[in-house]
Engineer: 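What follows is a single structure, and I will ask about it in a moment.
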Amino acid sequence: MQAEQDWCLTCGTAAPGRLGERPGWRAASTVIALTLLLVLGAVGAGYAALTGDSPKKAAAPPQTQAQVTPPAVTPPAATTPPAATEATPTTPAKPKKLPKVKTPSAGSTQGSPVTPTPTPTPTPSTSTPSTSTPAGTGTGTTPTTPADPGPQAIDLNGDAGTIYDPYGRVKASGETTRALDGDATTSWYVDPKDAQQVAVGYAVDLGKLQGIREIQLETPTAGFRMEIYATDETELPPDILDTRWSHIKDVSDVGAKHDGKQTIVLGAGSTKYRNVLLWFTQPPTDGPRLRLTELKLLG
């Protein structure tokens, strides 16, 4: 081999000390060089790709902006309301040639053209509707509901009261007119056959259909018990269990708390009846005889 020759061209043997001094250095250098070359190539290709697409990407945003942004809306210019122009009547232009018209009205000249009178265009009214109060309807004339005068006494005939004895329980009785005569010194009485159970009634004919609100009575024999019935029939039903009787109220110890006087409230009087019945079931405290000094019905 020559002085600077590293390998034998015949057998391929390396020069003495060649492989031991720098083992694999040339091969490593070759690999590193190739790697750097590839990296630089890749960097160059990437840069070229980026710089080549940049003009297209830069131009894209304006197009997108133009598509998204709505066109500017120009507000309509303020115009003068046509009210003033419409309110002023105008005369149309006179035609060049008008036919001769004979007018039926007196004082017109025959053969002279007649110019039609223009009709002014009415202006729409914008006035506010009147809110004035009509005459005769002042604030001081508002009708008011009259106050309820309360229960009023019903006028009864002197013979309106009768004994109601469907079971024949009456042993003796007085004149029924004395309970309605307005005299506190007289009274109607009844003696039942059974001292423990009266089962007798006092019926009052109202004369016509009327509403009953209260019953006021006075008795010297307090402590008895009674039931109040009513019917819209003219004739009294033959039995206290008859369905034509309407049971209204039960009252115990009648007259025991107010020296024989008692007021019995029945309601508003909206239902109208013809006959009212006081049905006595238990006798007074002091004995079987039962008395009514005064009886008033209020509607």
Side-chain angles (χ1 to χ4, degrees), residues 146-166 169-170 173-190 192 198-284 289-299:
D148 186 3
Q152 302 295 317
I154 299 176
D155 294 333
L156 301 173
N157 295 330
D159 58 350
T162 57
I163 293 178
Y164 184 69
D165 184 21
R169 299 293 185 92
V170 176
S173 64
E175 298 181 7
T176 56
T177 58
R178 293 185 176 183
L180 304 174
D181 59 4
D183 187 357
T185 61
T186 62
S187 63
W188 166 80
Y189 75 92
V190 61
V198 182
V200 177
Y202 187 91
V204 180
D205 186 356
L206 303 179
K208 62 180 180 179
L209 293 174
Q210 300 189 58
I212 307 299
R213 301 175 67 177
E214 289 185 5
I215 294 178
Q216 296 178 358
L217 61 82
E218 184 176 353
T219 176
T221 58
F224 60 87
R225 185 181 185 277
M226 69 178 182
E227 300 173 358
I228 302 175
Y229 293 86
T231 180
D232 56 1
E233 299 286 338
T234 303
E235 300 293 333
L236 300 178
D239 191 281
I240 192 62
L241 301 178
D242 195 296
T243 56
R244 288 173 289 181
W245 283 117
S246 297
H247 180 260
I248 300 178
K249 197 168 186 177
D250 296 341
V251 186
S252 300
D253 296 330
V254 178
K257 298 181 180 179
H258 302 284
D259 297 330
K261 298 179 180 180
Q262 185 156 347
T263 299
I264 305 169
V265 179
L266 302 181
S270 57
T271 306
K272 299 182 182 299
Y273 300 104
R274 174 62 186 267
N275 287 279
V276 178
L277 174 66
L278 307 183
W279 179 252
F280 308 107
T281 56
Q282 293 181 359
R289 172 168 287 190
L290 188 149
R291 288 182 178 272
L292 288 180
T293 304
E294 291 298 323
L295 177 63
K296 294 181 180 181
L297 279 68
L298 292 82

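Position 1 is the first residue of the sequence; numbering continues from there.
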Engineer: Between CD1 of I154 and CG of L206, what distance do you get to the nearest 0.5 Å?
Structural biologist: 5.5 Å

Engineer: Provide the full list of ring pair (Phe, Tyr, Trp, His ring centres under 6.0 Å) pairs with a residue in residues 200-224, sequence neighbours left out, each pair given once.
Structural biologist: W188-Y202, F224-F280

Engineer: Run the side-chain hydrogen bond (donor to acceptor under 3.5 Å, both in side chains) test against D250 and tell me which residues pass, sequence neighbours left out.
Structural biologist: H247

Engineer: Hey, are the side chains of I240 and L277 touching, using non-hydrogen atoms and a 4.5 Å cut-off?
Structural biologist: yes

Engineer: My understanding is that only residues two or more places apart in sequence, or in another chain, count here; which of them pass side-chain contact (heavy atoms from CB on, under 4.5 Å) with V265?
Structural biologist: E214

Engineer: To the closest 0.5 Å, what do you measure between OG1 (T271) and CD1 (I248)?
Structural biologist: 8.5 Å

Engineer: How many angstroms lie between OG1 in T221 and CG in L290, if you round to the nearest 0.5 Å?
Structural biologist: 4.5 Å

Engineer: Give the intermediate values and the outcome of side chain to side chain contact (heavy atoms under 4.5 Å, CB included) for residues L278 and L295.
Structural biologist: CA-CA 10 Å; L278 307 183; L295 177 63; 3.8 Å; yes

Engineer: Check the pair Q262 / V251 against side chain to side chain contact (heavy atoms under 4.5 Å, CB included), numbers first and verdict last.
Structural biologist: CA-CA 10 Å; Q262 185 156 347; V251 186; 3.4 Å; yes

Engineer: Which residues satisfy the side-chain contact (heavy atoms from CB on, under 4.5 Å) test with R274, sequence neighbours excluded?
Structural biologist: D205, L209, T234

Engineer: Can you name the nearest heavy-atom pair linking I264 to K249, along with the distance?
Structural biologist: CG2-CD, 4.1 Å

Engineer: With rounding to the nearest 0.5 Å, note down the distance linking OH in Y164 to CH2 in W245.
Structural biologist: 5.5 Å

Engineer: Would you give the length of the straight line joining atom CD1 of I215 to atom CG of L298, rounded to the nearest 0.5 angstrom?
Structural biologist: 9.5 Å

Engineer: Does a sphere of radius 6.0 Å around CG in D259 hold more than 12 heavy atoms from other residues, nucleotides or ligands, not counting ones at 6.0 Å or beyond?
Structural biologist: no

Engineer: Going by the rule side-chain contact (heavy atoms from CB on, under 4.5 Å), which residues pair with T162 if we only count those two or more places apart in sequence or in a different chain?
Structural biologist: A203, L236

Engineer: So, using salt bridge (Lys or Arg N to Asp or Glu O under 4.0 Å) as the criterion, who are the partners of D239 when residues are at least two apart?
Structural biologist: none

Engineer: Look up atom CG in L292 and atom CD in E218, then write down how far apart they are to the nearest 0.5 Å.
Structural biologist: 10.0 Å

Engineer: Per the side chain to side chain donor-acceptor pair (under 3.5 Å) rule, what does the pair list look like for residues 290-299, sequence neighbours excluded?
Structural biologist: S187-R291

Engineer: For T186, check side-chain hydrogen bond (donor to acceptor under 3.5 Å, both in side chains) against everything at least two apart and list the hits.
Structural biologist: D181

Engineer: Has the side chain of D165 got a donor or acceptor atom that lies under 3.5 Å from a matching backbone atom of V170?
Structural biologist: yes

Engineer: Which residues satisfy the salt bridge (Lys or Arg N to Asp or Glu O under 4.0 Å) test with E233, sequence neighbours excluded?
Structural biologist: none

Engineer: Give me the atom names and distance for the closest heavy-atom approach of P284 to A222.
Structural biologist: CB-O, 3.6 Å

Engineer: According to salt bridge (Lys or Arg N to Asp or Glu O under 4.0 Å), who are the partners of E227, at least two apart in sequence or on a separate chain?
Structural biologist: R225

Engineer: Residues two or more places apart in sequence or in another chain: which of them pass salt bridge (Lys or Arg N to Asp or Glu O under 4.0 Å) with R213?
Structural biologist: D148

Engineer: What pairs meet the side chain to side chain donor-acceptor pair (under 3.5 Å) rule with one or both residues in residues 150-160, with sequence neighbours excluded?
Structural biologist: none

Engineer: Where is the tightest heavy-atom contact between W279 and A199, given as atom of each residue plus distance?
Structural biologist: CH2-O, 3.2 Å

Engineer: So, for D242 and P238, which heavy atoms are closest and what is the spacing to 0.1 Å?
Structural biologist: OD2-CD, 3.7 Å

